[in-house]
Amino acid sequence: MGHTNDSVVSEFVLLGLSNSWELQLFFFAIFSSIYVASLLGNVMIIVIISCDSQLSSPMYFLLGHLSFIDICQSNFATPKMLVDFFVEHKTISFEGCMAQIFLLHSFVGSEMMLLVAMAYDRFIAICKPLRYGTIMSRKLCVIFVSISWAVGILHSVSHLAFTVDLPFCGPNEVDSFFCDLPLVIELACMDTYKMEIMTLTNSGLISLSCFLALIISYTIILATVRRRSSSGSSKALSTLTAHITVVILFFGPCIYFYIWPFSRFSADKFLSIFYVVCTPLLNPIIYSLRNEDVKAAMRKLRNRHVTSWNN
């Protein structure tokens with residue numbers, strides 16, 4: 001891998017989702033709606049958690065940061081994709097392409113670690129409730145969030161350190177709507193087999209370790225909940241269902257991509273759309289519509305504003 005950056009490619013061409021003008025208009029209508037809903041939903045969760053003192057527990061502190069990461073993930077590629085629906089020649093600069101790779105892996109890596117932190121929070125709350133207040137302090141939550149961002153950024157830098165130095169000297173068409181790392185690596189003017197294995201190992205390790213940690217945590221938690229038969233356990237089970245749903249929908253496409261990381265099929269573009277555009281919407285939908293505390297806080301905030309307007 002020790003070579004100088006003799007790249008002559010100054011921009012990449014994004015092939016997008018379709019060449020049909022009608023389909024592109026349809027996609028714009030659908031994905032712009034999802035994008036706006038995702039932004040508004042996640043901003044709403046952050047505002048509600050910040051304004052309601054009843055939502056000051058560690059779980060909601062972590063949920064607020066999860067919403068922030070989802071806002072970031074919504075904006076790294078989706079706005080450009082929406083603009084590109086009206087552009088015939090879809091291009092992105094070399095620097096912009098590298099930035100997209102860096103941001104995607106930073107946000108995804110951070111979210112994986114944050115989901116593990118949220119699983120640990122539920123583990124302590126359900127399996128060791130008497131010690132919850134002592135263990136899950138605000139300081140520990142800040143440490144969890146800091147570690148999540150640090151791991152995500154380090155994970156991304158480890159990818160970018162090798163990718164940015166690859167020799168891109170000819171092909172520059174990326175068969176996607178954003179700079180997808182495996183597709184960009186394939187364009188390098190060299191044998192990229194070792195690079196592909198390195199990328200798979202790097203991303204696969206963090207994904208698999210986080211996924212296994214989540215599976216083990218939720219298995220123990222569910223076993224604990226099943227032994228109880230109280231209303232508190234019922235509420236805990238409802239919360240767990242929301243968390244597990246997010247984990248499955250988040251890690252499902254991720255695991256699929258790492259099983260066939262460099263063998264792409266026609267349906268992969270639309271799975272990428274789900275992962276990049278739709279995943280940030282999961283948080284407000286699942287946590288808001290299924291969480292009674294969040295819904296109660298939404299009603300309280302709405303009533304407060306209605307009262308102030310009437311006065």
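Counting begins at 1 with the first residue of the sequence. Keep in mind that the numbers below use all heavy atoms, side chains included, and drop hydrogens, waters and symmetry copies.
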If Ile, Leu, Val, Met, Phe, Trp and Tyr residues are connected whenever their side-chain heavy atoms lie under 4.5 Å apart, and connections chain through other members, are Val87 and Tyr35 in the same group?
no
Starting from the C-alpha separation in whole Å, work towards a yes-or-no answer on side-chain contact (heavy atoms from CB on, under 4.5 Å) for Phe61 and Leu55.
CA-CA 8 Å; Phe61 177 83; Leu55 302 180; over 6 Å; no
Passes side-chain contact (heavy atoms from CB on, under 4.5 Å), Ser217 versus Arg122? Steps please.
CA-CA 9 Å; Ser217 298; Arg122 291 300 85 202; over 6 Å; no
Shortest non-hydrogen pair, Ala29 vs Ser33, comes out as O-OG, 2.8 Å
Contacts satisfying salt bridge (charged side-chain N to carboxylate O under 4.0 Å, His left out) that involve residues 215-225 (not counting sequence neighbours) are none
Smallest separation among heavy atoms of Ile206 and Gly109, with atom names
CD1-CA, 4.3 Å
Do Phe68 and Phe107 make a side-chain contact, defined as non-hydrogen atoms from C-beta onward lying under 4.5 Å apart?
no
Intermediate values then yes/no, side-chain contact (heavy atoms from CB on, under 4.5 Å), Leu181 and His105
CA-CA 9 Å; Leu181 179 60; His105 287 272; 3.8 Å; yes
Evaluate side-chain contact (heavy atoms from CB on, under 4.5 Å) for Phe31 paired with Leu17, printing each intermediate quantity in order.
CA-CA 12 Å; Phe31 297 138; Leu17 298 177; 3.7 Å; yes
Partners of Phe178 by ring pair (Phe, Tyr, Trp, His ring centres under 6.0 Å), sequence neighbours excluded?
Phe76
Less than 4.5 Å apart, side chain to side chain, heavy atoms only: is that true for Cys210 and Met113?
yes
Rounded to the nearest 0.5 Å, what's the gap from CD on Gln54 to CD1 on Ile48? Could you check?
14.0 Å
Between Gly64 and Ile46, the two heavy atoms sitting closest are O-CG1, 3.7 Å
Looking at every heavy atom in both Tyr218 and Val247, which two are closest together, and how far apart are they?
CE1-CG2, 4.0 Å
Please enumerate all residues that pass side-chain hydrogen bond (donor to acceptor under 3.5 Å, both in side chains) together with Ser74, with sequence neighbours excluded.
Ser38
Can you get from Phe144 to Ile216 by hopping between Ile, Leu, Val, Met, Phe, Trp and Tyr side chains that sit under 4.5 Å apart?
yes
Heavy atoms of Ser106 and Ile153 approach each other most closely as OG-CA, 3.9 Å
Do Ser156 side-chain atoms and Gly152 backbone N/O form a donor-acceptor pair below 3.5 Å?
no
Rounded to the nearest 0.5 Å, what separation is found between the SG atom of Cys189 and the CG atom of Leu166?
10.0 Å
Measure the shortest side-chain to side-chain distance between Ile45 and Asn283 over non-hydrogen atoms and say whether it is less than 4.5 angstrom.
yes
Kindly state each residue pair satisfying side-chain hydrogen bond (donor to acceptor under 3.5 Å, both in side chains) with at least one member in residues 132-151, sequence neighbours excluded.
Asp121-Tyr132
Any chain of hydrophobic side-chain contacts (each under 4.5 Å) joining Leu183 to Met190?
yes
Hey, could you give me each pair passing salt bridge (charged side-chain N to carboxylate O under 4.0 Å, His left out) that has a residue in residues 52-79? Not counting sequence neighbours.
Asp52-Lys300
Could you identify which residues cluster with Leu212, counting Ile, Leu, Val, Met, Phe, Trp and Tyr as linked when any side-chain heavy atoms lie under 4.5 Å apart, either directly or through a chain of such contacts?
Leu208
To the nearest 0.5 Å, atom OH of Tyr120 lies from atom SG of Cys141 at 10.5 Å
Tell me, do Ile49 and Val294 make a side-chain contact under 4.5 Å, heavy atoms counted?
no
Applying side-chain contact (heavy atoms from CB on, under 4.5 Å) to Phe123 and not counting sequence neighbours gives Cys127, Ile220, Ile221
Is any side-chain heavy atom of Leu62 less than 4.5 Å from a side-chain heavy atom of Leu114?
yes
Residues in side-chain contact (heavy atoms from CB on, under 4.5 Å) contact with Leu160, at least two apart in sequence or another chain
Met98, Ile101, Phe102
To the closest 0.5 Å, what do you measure between CG (Leu187) and CG (Asn172)?
7.5 Å
From CG (Asn42) to CG (Leu281), nearest 0.5 Å:
8.0 Å
Compute whether any side-chain donor of one residue and acceptor of the other, for His155 and Ser110, lie under 3.5 angstrom apart.
no
Mind checking whether Ile92 and Val83 sit in one hydrophobic cluster, side chains of I, L, V, M, F, W, Y counted as touching below 4.5 Å?
no
Residues that Thr279 engages under side-chain contact (heavy atoms from CB on, under 4.5 Å), provided they are two or more places apart
Gln73, Phe250, Phe274, Tyr275, Leu282
Using every non-hydrogen atom in the two residues, find where Met136 and Leu140 come nearest and quote the distance to one decimal.
SD-CD2, 3.9 Å
Salt bridge (charged side-chain N to carboxylate O under 4.0 Å, His left out) contacts in which one or both residues fall within residues 90-107, not counting sequence neighbours:
none
Members other than Leu15 in its cluster, when Ile, Leu, Val, Met, Phe, Trp, Tyr link by side-chain heavy atoms under 4.5 Å?
Val13
Parallel, tilted or perpendicular, as decided by the 30° and 60° cut-offs, for the rings of Phe12 and Phe168:
perpendicular
Any chance you could measure Trp21, atom CH2, to Glu88, atom CD, to the nearest 0.5 Å?
10.0 Å
If you look only at pairs with a residue in residues 76-86, which of them pass as a side-chain hydrogen bond (donor to acceptor under 3.5 Å, both in side chains), with sequence neighbours excluded?
Lys80-Asp84
Hey, does Phe86 have a side-chain heavy atom less than 4.5 Å from the side chain of Leu25?
yes
Are Leu154 and Ile69 co-members of a hydrophobic cluster defined by side-chain heavy atoms under 4.5 Å apart?
no
Validation row: Met81, Phe27 side chains within 4.5 angstrom (heavy atoms):
no
Is the shortest side-chain heavy-atom distance between Asn75 and Leu103 below 4.5 Å?
no
